[in-house]
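Report on one structure; see the data block that follows.
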Amino acid sequence: MCGIVGYVGTGKATPVILDGLARLEYRGYDSAGIAVIEDGVLKVRRRAGRLAQLVESLKLEPIEGSVGIGHTRWATHGAPSEKNSHPHCDCRGDIAVVHNGIIENYQELKNQLEARGHVFKSETDTEVVAHLLEEEFTQGAPSLVEAARRALPKAKGAYALGLLRRQEPGVLVAARLGSPLIVGLGSGENYVASDVPAILSRTRNIVYLNDGEVIELTPTAWKVTDLNGVPREHPVSRIEWSVDAAEKGGFEKFMLKEIHEQPRVIRETLMGRISADKKSIQLKDMNLSVEELKSLKKMFIVSCGTAFHAGYVGKYLLEHFTNLPVEVDLASEFRYRSPKMDKDTVIFTVTQSGETADTLASVRAAKAKGCKVISICNVVGSSIARESHGVIYTNAGPEIGVASTKAYTAQLTAFCLFTIYYGKLTGSIPDEKAADMIRQLEGIPDKVDEILKDQAHIKALATKYAQAPSWLYLGRKFNFPTALEGALKNKEITYTHAEGFAAGEMKHGPIALIHKEMPILCIAPRGETYEKMTSNIREVGARAGRIICVATRGDADIAGISEDVIYVPETPEEFSPILCVVPLQLLAYYCARARGCDIDKPRNLAKSVTVE
Ligand code: M6R
């Protein structure tokens with residue numbers, strides 16, 4: 001989820017690139033860098049921190065040329081430091097590379113390259129690309145674009161790449177596989193960027209590259225091929241968006257954009273974690289030995305808000321598939337209830353920002369008692385990531401909408417990965433079952449995509465129910481936390497009262513709330529508790545509530561007991577929370593829109609709660 005900008009033309013590359021990077025900076029990055037060919041020399045400047053640090057350094061010591069690439073980094077491999085900032089170069093300093101994505105087999109490639117004498121200067125996955133290109137030149141590649149076509153099939157994973165070579169000062173090369181990259185066509189100058197806003201002030205003529213394509217750009221020409229060198233035709237699209245709309249990828253709000261990013265985010269969270277034979281899970285940054293994992297006696301999952309709901313799903317997953325006792329705790333309560341923990345206890349924290357004050361304080365309290373702390377975290381280098389013994393990073397990229405959406409489904413995905421990993425390790429998930437779960441998990445992004453493509457119905461429901469003064473959300477088992485999360489999404493962006501309950505609790509009090517105007521959102525996909533759930537729905541329906549069900553596609557029976565149904569694709573019940581939450585996010589979004597609320601910045605809320 002990094003930002004890339006490249007320029008080739010007859011003007012000055014540096015200001016164009018810095019301007020483009022600044023237009024991507026609203027996403028919040030941790031370091032920035034630029035490479036420009038100046039008088040036959042490849043010059044690179046990089047700085048940790050905000051783009052302003054790089055700009056300042058370039059003011060003091062400018063680099064100038066008419067071809068260059070720039071990058072703002074959202075760290076995934078290696079801390080957000082200057083040495084890990086892009087561009088990265090080969091051993092000779094002839095080639096510069098900027099990258100967005102994840103090279104899954106980078107460690108294997110790095111080992112091979114080091115064995116052949118290459119010297120690496122960073123901890124990133126990206127640097128392998130520079131060295132792979134360098135090798136192609138020692139083996140006779142005639143040009144940068146051809147070296148890219150030969151080298152890139154060796155890299156597995158996802159990439160959007162911008163490439164420069166000192167010996168080809170009028171050429172910019174870019175390539176794409178699974179990460180966004182666009183090309184801008186100007187007059188006597190051309191651009192590449194990871195997103196339209198970076199270049200919208202310079203051109204509105206855009207070419208969208210497809211996966212597996214490489215482009216060679218000069219100031220006046222461009223040519224796209226596949227990795228075999230076969231030319232690919234591309235139409236030129238004219239972008240009519242405003243700059244504001246472009247920052248949101250054409251969506252009206254960041255929250256809507258982030259909801260739509262979920263298939264990609266889930267894919268990227270899975271990326272590099274599934275073995276090549278698809279039979280096991282690898283979690284590299286966890287820093288717990290197999291012995292330590294096997295000797296665990298107890299787990300606490302500690303977090304706040306949406307992350308707490310993800311932790312709740314984690315508890316159900318781990319308790320269903322493994323023998324590990326798991327408790328979930330609100331971080332704001334954890335330290336004050338004297339939980340009993342020792343060296344055989346693991347604390348899992350869950351956090352998008354990695355800076356939430358209560359969660360951070362829980363990390364410190366747990367460490368003081370000798371516990372191991374693992375965090376599911378979205379921000380590399382954040383306080384919680386740094387202070388934890390190990391981390392499972394969610395590769396959701398920067399989340400800007402205050403209401404958490406893509407970070408949540410990424411957190412759920414991380415829990416699915418950990419459950420399979422730990423269950424297989426401790427023998428509670430047999431090998432065959434683990435392989436089947438992995439196969440099912442890999443199918444989740446496409447199913448989320450299906451839900452997103454079918455949202456006209458959800459929009460219509462929002463029009464129908466948006467003015468309801470109070471909502472209930474009901475679920476059971478894996479989807480009890482989905483009910484909590486659905487209610488939280490609704491209340492935080494629509495300012496409407498909404499509460500989530502375990503459906504079996506209704507008779508113990510909440511059923512008294514029901515009246516004929518109240519929408520009751522029931523999450524009822526097929527699974528072990530389906531019959532229990534439908535009988536709870538009947539009880540509620542008998543009290544005149546307005547039932548809206550989220551159910552498995554093909555379940556015709558549920559329509560008989562609901563006023564409205566939102567269908568989701570069939571999936572094993574343990575993965576259904578990832579699917580079922582998506583319609584609830586959309587419903588909350590469209591209700592908030594109908595009510596005229598400030599969706600991306602709801603009143604009284606901050607994105608990151610850094611005070612207790
Ligand atoms: O950054 P964190 O995941 O630690 O944040 C936790 C909560 O503050 C956060 O999930 C909050 O509840 C969101 N506004 C929910 O949409």
Side-chain angles (χ1 to χ4, degrees), residues 28 74 253-259 261-262 265 269 301-314 328-334 347-364 373-388 391-415 473 481-496 498-500 577 581-582 584-589 591-592 597-612:
W74 170 267
K253 298 284 172 196
F254 282 113
M255 182 180 173
L256 193 59
K257 175 175 183 255
E258 287 158 5
I259 290 173
E261 282 173 356
Q262 291 178 111
V265 160
T269 300
I301 304 177
V302 184
S303 41
C304 300
T306 287
F308 172 74
H309 302 149
Y312 224 136
V313 176
V328 277
D329 269 274
L330 290 166
S332 52
E333 288 296 313
F334 183 64
I347 309 297
F348 251 68
T349 71
V350 190
T351 173
Q352 187 285 127
S353 61
E355 301 295 346
T356 300
D358 282 313
T359 312
L360 180 58
S362 305
V363 170
R364 291 174 179 162
V373 179
I374 308 294
S375 292
I376 292 180
C377 184
N378 196 37
V379 183
V380 177
S382 59
S383 304
I384 292 172
R386 278 186 279 116
E387 295 199 23
S388 302
V391 189
I392 302 175
Y393 286 111
T394 46
N395 294 324
E399 192 178 61
I400 294 176
V402 164
S404 187
T405 53
K406 62 175 181 170
Y408 180 67
T409 44
Q411 288 158 356
L412 297 184
T413 306
F415 270 116
Y473 286 71
T482 311
L484 301 179
E485 176 58 11
L488 178 63
K489 284 291 91 71
N490 193 342
K491 70 184 113 184
E492 72 181 325
I493 61 168
T494 70
Y495 317 145
T496 308
E499 268 190 275
V581 76
V582 177
L584 306 189
Q585 297 167 343
L586 287 165
L587 189 60
Y589 177 86
C591 284
C597 300
D598 186 353
I599 297 178
D600 282 336
K601 291 193 183 118
R603 72 182 180 206
N604 308 334
L605 292 176
K607 183 65 187 160
S608 187
V609 183
T610 52
V611 287
E612 287 186 35

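When a ligand or atom number is given, it counts from 1 through the structure's own listing order.
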Do the non-hydrogen side-chain atoms of Cys597 and Ile493 ever get within less than 4.5 Å of each other?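 Heavy-atom side-chain distance check fails, nothing below 4.5 Å.
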Between Glu387 and Val373, is any pair of side-chain heavy atoms under 4.5 Å apart?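 In short, these two side chains do not touch, never coming nearer than 4.5 Å.
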Quick one about [Y] and [X] (side-chain donor to acceptor, distance below 3.5 Å, no hydrogens or angles considered), yes or no?
{"X": "Ser383", "Y": "Glu355", "value": "yes"}
{"X": "Thr269", "Y": "Thr413", "value": "no"}
{"X": "Gln262", "Y": "Thr409", "value": "yes"}

Side chain or backbone, does [X] bring an N or O within less than 3.5 Å of an N or O on ligand 1?
{"X": "Lys489", "answer": "yes"}
{"X": "Val402", "answer": "yes"}
{"X": "Thr356", "answer": "yes"}

Taking only heavy atoms of [X] into account, list the atoms of ligand 1 that are under 4.0 Å away from them.
{"X": "Ala307", "result": "3 (O), 10 (O)"}
{"X": "Ala403", "result": "16 (O)"}
{"X": "Gln352", "result": "1 (O), 2 (P), 3 (O), 4 (O)"}
{"X": "Ser353", "result": "1 (O), 2 (P), 4 (O)"}

Search all heavy atoms of Ala487 against all heavy atoms of Glu499 and return the closest pair with its distance. CB-C, 3.6 Å
What protein heavy atom lies closest to [atom]? Include the residue and the distance to one decimal.
{"atom": "atom 6 (C) of ligand 1", "answer": "Cys304 O, 3.3 Å"}
{"atom": "atom 10 (O) of ligand 1", "answer": "Thr306 N, 3.1 Å"}
{"atom": "atom 14 (N) of ligand 1", "answer": "Glu492 OE1, 3.0 Å"}
{"atom": "atom 8 (O) of ligand 1", "answer": "Val609 CG2, 4.0 Å"}

Taking Tyr408 as the fixed residue, which of Leu488, Val350, Val313, Val265 is the one that meets the side-chain contact (heavy atoms from CB on, under 4.5 Å) rule? Val313
Glu355 and ligand 1 - part of the residue with a heavy-atom distance under 4.0 Å: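 Answer for Glu355: neither.
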Check Glu399 with Lys406, please: is the shortest side-chain N to carboxylate O separation under 4.0 Å? no
